[in-house]
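Everything numeric in this text was worked out from a predicted model, so none of it was measured. Ligands are counted one by one from 1 in listed order, and the atoms in each one are counted from 1 as well. Start at 1 with the first residue, then count along the sequence. Note that these values count all heavy atoms, side chains included, but never hydrogens, waters or copies made by symmetry.
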Amino acid sequence: MAKEKIVLAYSGGLDTSVAISWLKENYDAEVIAYTADLGQIKNKKVIHDKSLATGAKRFYLEDLREKFLKDFAFKALAASALYEGKYPLISALSRPLIAQRMVEIAREEKATALAHGATGKGNDQVRFELTFKALAPNLKIIAPAREWEFKSREEEIAYSKKKKIPISVTKKNPYSIDRNLWGVSIECGILEEPWKEPPEDAYQMTVSPKRAPNKESYLSLEFEKGIPIKINGKKYQPVALMEKLNKIGGENGIGRIDIMENRLIGIKSREVYEAPGAMILYNAHDALERLVLDRETFHHKRLIAERYGQLIYNGLWFSPEREALEKFIAQTQKRVSGSVRVKLYKGNAIVVGRKSPYSLYQKDLATYSKEDIFDQKSAQGFIDLFGLPLKIMAPARKKKK
Ligand code: ARG
């Protein structure tokens, strides 16, 4: 009997392939490979066969695409959460879901440990392990990439050859890529030089804006309680909706992001992302909120968005703080229903129109035409009191310090 029975988060890439073999060798373990399809799986049979050929005892592949969007990505969208104001949390949103399912499978399989292929330098290790700790505090956690002796990808490749592990690393694909329906995270290779422009071949989902159509195209998006439900008047289920928006957005070169980013463990890194569909949605959702939310809720929600993004980024999905903020956000979304018109043109998704049954816009108050019903004289008293503290301060400002 094997000493350990380990459920491993498996992608089919180099690190997790090496991990299967390494775990068997170093922990005298039985390895159960677990893969979640979040929109990145091209061929189910290929990854299935590969996991077994690499030495997994069993292989699980689950289609979690809809759950990923409904229970994770759309919640980040409703919150307008972008880490450090820019990153739509593509990888960060996926890890708690994958880890949650791994815990459930570990219970069914009576496994003794959970493992992942994330390195000691990144955020993903934290996201996996905080979820493991929150949901299965008694299961052992193993992170082979933090323990093993390989110093580089080359050494891992050499080990794979020795162990006859099937891998598909080529010189032509020097990037580390993590893709799902919310977008793609791209790292490594030349991207580690912050001054150098990412080469076109780094991009996976978008054409260069230069090669996008020279003509503008229009899109209408309908939201219900903050959730996108229709494109151009036609209803879509979440997966089909994202596939369509990613396609249209990608063709128009929308959603390329190139930033310096502060990782949780303290390293600063250069990150390249593409989120064509998600960035169209962020723009449109924001435009609708600006129409239907009252000023104070809207302003408060912007503060929450920053914190919510940090919590997701830092792996704290299953934390009481995030769960409490989720309730606040859901309350704010009750009237975020309506439509937004977006113009797509060479890398831009520009909002050009918005409407909602819950619109707070009153033209007769805002207008500068003769339909105006606003009592301009009432503003004077408001300014007198709003400005009173400054007026009181004025003599003191004049005094020499
Ligand atoms: N910096 C991003 C994040 O922390 C991207 C992580 C990409 N993960 C990967 N395994 N390639 O979310």
Side-chain angles (χ1 to χ4, degrees), residues 8-19 33-41 47 68 72-73 75-77 79 81-99 102 115-131 143-146 150 152-153 156 167-169 173-194 198 202-205 255-275 278-279 282 306 308-317 322:
L8 168 72
Y10 174 73
S11 70
L14 179 65
D15 288 337
T16 58
S17 295
V18 169
Y34 176 79
T35 304
D37 181 7
L38 303 177
Q40 84 286 15
I41 299 294
I47 187 164
F68 172 61
F72 293 83
K75 287 185 178 168
L77 171 68
L82 294 169
Y83 180 65
E84 296 184 337
K86 301 243 185 202
Y87 167 41
L89 300 159
I90 300 157
S91 304
L93 285 162
S94 72
R95 296 303 185 270
L97 170 58
I98 298 167
M102 287 172 69
H116 60 77
T119 72
K121 301 176 71 170
N123 299 309
D124 289 328
Q125 54 173 346
V126 183
R127 297 165 184 154
F128 274 118
E129 293 180 34
L130 292 195
T131 305
R146 280 199 308 245
F150 316 120
S152 64
R153 281 171 81 83
E156 288 181 54
I167 49 161
S168 51
V169 182
N173 190 4
Y175 307 110
S176 159
I177 286 166
D178 183 42
R179 184 167 174 165
N180 60 47
L181 280 170
W182 210 231
V184 58
S185 305
I186 311 152
E187 298 171 315
C188 299
I190 190 71
L191 303 177
E192 291 173 355
E193 299 295 333
Y203 291 104
Q204 315 287 317
M205 299 176 78
R256 289 186 170 189
I257 300 158
D258 171 359
I259 48 172
M260 298 310 296
E261 179 176 299
N262 293 299
R263 291 189 190 162
L264 178 58
I265 41 106
I267 293 174
K268 204 182 269 295
S269 66
R270 200 281 186 88
E271 302 285 334
V272 174
Y273 303 106
E274 294 167 278
M279 290 327 290
Y282 268 86
E306 180 67 22
Y308 204 74
Q310 286 169 358
L311 290 167
I312 297 171
Y313 189 85
N314 292 345
L316 290 162
W317 184 271
R322 200 221 39 96

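- Taking the side chain as every heavy atom from C-beta outward, Asp124 and His116 never approach each other to under 4.5 Å.
- Between Asn123 and ligand 1, at least one pair of N/O atoms sits closer than 3.5 Å.
- Looking at Glu271 next to ligand 1, an N or O pair under 3.5 Å apart turns up.
- Selection from Gly117, Ser185, Ser94, Ala118 by nearest heavy atom to atom 5 (C) of ligand 1 gives Ser185.
- Ring-plane geometry between Tyr87 and Tyr273 is classed as parallel, the angle between the planes falling under 30 degrees on a 0 to 90 degree scale with a further cut at 60.
- Glu261 OE2, 2.9 Å is the protein heavy atom nearest to atom 1 (N) of ligand 1.
- Those atoms of ligand 1 with a heavy atom of Ser176 less than 4.0 angstrom away are 11 (N).
- For Glu84 (side chain) and Glu261 (main-chain N/O), no donor-acceptor pair under 3.5 Å exists by modelled atom type.
- Look at Tyr87 and you'll find a heavy atom under 4.0 Å from some atom of ligand 1.
- The line from CH2 of Trp182 to CD of Glu274 is 15.5 Å long, rounded to the nearest 0.5 Å.
- When the options Ser185, Ser91, Ser11 are evaluated for a side chain to side chain donor-acceptor pair (under 3.5 Å) with Asp178, the one that passes is Ser91.
- Of the possible polar contacts, none joining the Thr16 side chain to the Gly117 backbone as a donor-acceptor pair under 3.5 Å is found.
- The aromatic ring centroids of Trp317 and Phe72 lie less than 6.0 Å from each other.
- When heavy-atom distances to ligand 1 are checked against a 4.0 Å cut-off, Glu187 comes that close only through its side chain, counted from C-beta outward.
- Applying the 4.0 Å criterion to heavy atoms of Ser91 picks out, from ligand 1, the atoms 5 (C), 6 (C), 7 (C), 8 (N), 12 (O).
- Counting only heavy atoms of the protein, atom 2 (C) of ligand 1 lies nearest to Tyr273 OH, 3.1 Å.
- Counting only heavy atoms of the protein, atom 9 (C) of ligand 1 lies nearest to Asp124 OD2, 3.5 Å.
- Listed by number with element, the atoms of ligand 1 under 4.0 angstrom from any heavy atom of Arg127 are 3 (C), 4 (O), 12 (O).
- Under 3.5 Å, the side chains of Arg146 and Gln125 contain a donor-acceptor pair of N or O atoms.
- Proximity of Arg95 to ligand 1, defined as any heavy-atom pair under 4.0 Å, is confined to the side chain (atoms from C-beta onward).
- Under the 4.0 angstrom criterion for non-hydrogen atoms, Arg270 is not in contact with ligand 1.
- Side-chain atoms of Arg270 come within 3.5 Å of backbone N or O of Leu191 as a donor-acceptor pair.
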